[in-house]
Every structure is written in C-alpha cells, then in structure tokens.
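To start, the structure itself, in structure tokens.
Just so it is clear, the values below take in all heavy atoms, side chains as well, and ignore hydrogens, waters and symmetry mates. Read the numbers this way: they start at 1 and go in the same order the structure lists the ligands and their atoms.
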Amino acid sequence: MEIIEKITVMQETSEKWRRDGVLIVLVPTMGFLHEGHVELLRVGRQKGDRLIMSLFVNPAQFGPQEDYQTYPSDTEGDLEKARSVGVDAVFMPTAQEMYPDRSQTTVNVEEITQYLCGESRPGHFAGVTTVVAKLFNITKPHLAIFGEKDYQQLVVIKQMVRDLDMDIDVVGVPTVREQDGLAMSSRNNYLSAEERVSALSLKKGLDLASALVATGEKNAGKIKNSVRELILNHPFTEIDYITICDPEKLTDIERVDGPCLLALAVRVGKARLIDNIILREH
Ligand code: PAF
C-alpha cells in the first residue's frame with residue numbers, strides 16, 4: 001500500500017493508472033475509521049481495480065466553535081484497516097499542502113446546502129464540496145464512494161458533480177449500525193456511557209416514524225412531533241432539527257405521499273449526531 005502525502009505524486013500515480021486503463025475508486029475519509037468506513041472501502045475494493053483512500057481532516061468544513069482541534073485521530077489504526085481491506089494508496093496530505101496560502105477558490109452548491117445541517121453549520125458544505133472537488137482533481141477517480149449516513153452531503157456532492165460536469169460516478173453506501181442500532185460515527189467517541197444510551201433515541205425516533213407511516217399516518221407535522229417527544233424523553237438530548245423533506249430537493253414536505261427523507265440532528269452531550277431514513281408509505 002502506497003502512502004502519499006504530496007499532491008503531485010498522487011496525481012502522477014493516478015495518471016499512470018489511468019494510462020494503464022484501470023478503474024480508479026476513491027473513498028474520501030477524515031480518518032478515525034470505524035466499521036462504516038471499512039464497509040465503504042470494501043464496496044470500493046469490489047467496484048474498482050485501484051482503490052484510493054484519502055485521509056484528511058478538512059479544516060474548511062468546521063465552524064469556529066466546532067471540533068476541528070479535537071477531532072479524534074488514529075493514523076496507525078487507520079492505515080492498518082486500509083491495508084487489511086486491500087487499499088492501493090492512501091492520500092494523506094497536510095493542511096498546508098491542501099490549502100497553500102495563495103488559495104482563493106471555493107466550490108459552493110447554492111440551494112440544497114441551505115437546509116438541514118446547512119442551517120446550523122453555515123459554510124460547512126462549501127468546505128466539503130471544495131475539498132471533495134480538490135480530492136477529485138488530485139486522485140482522478142472514475143468512481144467515488146460516500147456513506148448514506150451523511151445523506152445531505154451525498155446529495156450535495158451528486159449535485160456538484162452534475163453541475164460541474166465531473167466525469168465521476170458517485171455511489172452511496174447504506175449506513176452501518178452498531179448492534180443496538182446506533183449509526184456508526186467517529187463522533188460517537190465523545191459519548192459517555194449514559195449519553196450513549198440516550199444516543200439510541202435517534203434510531204428509535206426513525207423507527208417510530210416508520211411505524212407511524214406503516215399504520216397510515218401521512219401528516220409530516222404529527223410524525224415529527226412524535227419523534228421530537230420520543231427524543232426529548234431521553235436525558236442529555238437537544239434537538240437541532242427534525243425534517244421530513246423531498247429526498248433530492250431537500251425541501252420540506254407536509255404529507256408523506258411518496259418516498260421522503262426523515263433526517264435529524266441531535267446534540268447528545270458534546271456530540272452532534274445525525275441519522276436519517278427514507279419513509280415509504282405502504
Ligand atoms: O464525510 C466525511 O468524512 C467528509 O465530509 C469528507 C467527505 C471526507 C470530506 O472531508
């Protein structure tokens with residue numbers, strides 16, 4: 001497995017692979033890999049001839065009050081996991097390599113970044129799309145893989161790829177959960193034992209909403225209220241948002257008549273957790 005820190009070396013490596021006619025897959029990560037990331041890598045391994053994992057904690061997608069400085073890291077463990085899945089190259093640049101002093105350009109998807117996480121994390125998605133566009137230019141993949149847990153991120157990246165005519169297939173992979181249902185996230189690491197119990201309220205809320213829709217409830221407001229009540233019955237929880245919206249436009253909907261996205265963000269102690277489900281009427 002090659003470990004590459006320089007942009008030019010990564011570009012040359014990918015360019016050579018392209019000349020050899022092989023299919024390149026990129027799995028972008030910020031490290032501290034859990035089973036969810038490993039699943040993305042496994043899918044990537046199956047789908048391509050050369051698998052690149054990027055490992056870069058991107059300062060541009062963190063707000064000033066957010067956890068950039070304390071974001072968990074375990075580079076040795078990450079490299080070990082990457083090796084065990086058969087990653088061909090890990091691209092792990094420094095922040096200075098990615099954002100030299102002279103950089104002035106950002107990539108911004110205008111509309112769908114305003115909703116959901118965009119409301120409480122201004123600038124976050126511009127940070128994500130800018131770094132992902134750079135990673136695409138550096139690693140030159142034919143296909144890139146993202147987790148569906150960050151559903152809005154996936155929709156935003158697909159929009160960027162369409163809008164900018166990037167010749168890359170973007171593939172989403174279903175959320176991997178702990179046995180008790182908690183969606184895997186590097187930020188679960190921030191939870192105390194008691195908070196960990198309360199964090200289960202996110203998945204319980206999604207299950208409750210599914211059950212309500214299965215019994216014929218279509219009123220999005222009522223469904224959201226039931227989910228809100230369930231979550232707030234757990235200690236340490238503070239709801240950032242609970243949204244039922246169009247799965248592509250991310251605009252609010254009032255009635256669950258076709259497939260729609262239920263997405264939520266909840267603070268549990270220090271951790272801001274997100275989860276989602278597609279609600280389908282039966
Ligand atoms: O999902 C993440 O870990 C990050 O947002 C990504 C896509 C690696 C960009 O920094």
Side-chain angles (χ1 to χ4, degrees), residues 4 7 10 25-41 43-44 51-63 66-75 77-79 81-82 85 87 89-99 103 106-109 112-113 116-118 120-139 141 143-161 164 166 168-176 183-190 263 265 271-276:
I4 299 175
I7 291 172
M10 186 69 251
V25 176
L26 170 67
V27 176
T29 82
M30 297 206 300
F32 205 67
L33 302 189
H34 49 65
E35 197 46 39
H37 296 108
V38 173
E39 177 63 11
L40 302 184
L41 293 171
V43 173
L51 176 58
I52 303 172
M53 176 179 99
S54 63
L55 196 173
F56 178 61
V57 183
N58 172 33
Q61 69 188 73
F62 290 80
E66 293 185 352
D67 53 348
Y68 174 62
Q69 298 297 344
T70 54
Y71 197 79
S73 104
D74 173 19
T75 308
D78 292 344
L79 295 177
K81 288 186 181 106
V85 180
V87 169
V90 176
F91 175 58
M92 37 183 295
T94 60
Q96 180 61 26
E97 177 78 2
M98 286 297 272
Y99 298 109
S103 62
T106 53
V107 177
N108 189 27
V109 173
I112 51 177
T113 55
L116 285 75
C117 288
S120 49
R121 304 188 72 190
H124 166 69
F125 286 111
V128 170
T129 42
T130 301
V131 84
V132 171
K134 284 167 73 68
L135 290 169
F136 285 174
N137 285 333
I138 295 165
T139 62
L143 193 147
I145 299 189
F146 297 85
E148 287 177 358
K149 184 178 79 74
D150 295 288
Y151 188 95
Q152 186 176 16
Q153 169 171 283
L154 178 62
V155 175
V156 167
I157 289 167
K158 284 185 174 168
Q159 183 76 41
M160 170 185 80
V161 164
L164 298 182
M166 294 172 164
I168 297 171
D169 283 334
V170 174
V171 172
V173 171
T175 303
V176 177
M184 294 215 180
S185 163
S186 305
R187 292 189 167 106
N188 292 348
N189 198 46
Y190 299 148
R272 181 180 180 281
L273 305 178
I274 57 174
D275 208 340
N276 67 79

Q.
Suppose I only count heavy atoms of Gln61 and a 4.0 Å limit; which atoms of ligand 1 are within that range?
A. 4 (C), 5 (O), 9 (C), 10 (O)

Q | Listed once per pair and sorted, the salt bridge (charged side-chain N to carboxylate O under 4.0 Å, His left out) pairs that draw on residues 123-132, sequence neighbours left out | A | none

**Q.** Numbering as shown, the atoms of ligand 1 that approach Val131 to under 4.0 Å (heavy-atom distance)
**A.** 9 (C), 10 (O)

Q.
Could you check whether Phe56 and Phe91 have their ring centres less than 6.0 Å apart?
A. no

Q | Nitrogen or oxygen of Gln153 less than 3.5 angstrom from that of ligand 1 | A | yes

(Q) Can you report which non-hydrogen protein atom sits closest to atom 3 (O) of ligand 1, along with the distance? (A) Met30 CG, 3.6 Å

Q | Arg121 and Glu66 ion-paired at < 4.0 Å | A | yes

Q.
Between the side chains of Asp67 and Arg272, is the shortest nitrogen-to-carboxylate-oxygen separation below 4.0 Å, so that they form an ion pair?
A. no

Q) Which bit of Leu135 gets closer than 4.0 Å to ligand 1, counting heavy atoms only: side chain, backbone, both or neither? A) neither

Q.
Within the 4.0 Å heavy-atom shell around Pro28, which atoms of ligand 1 are there?
A. 8 (C)

Q | Leu135 versus Pro28, closest heavy-atom pair with distance | A | CD1-CB, 4.2 Å

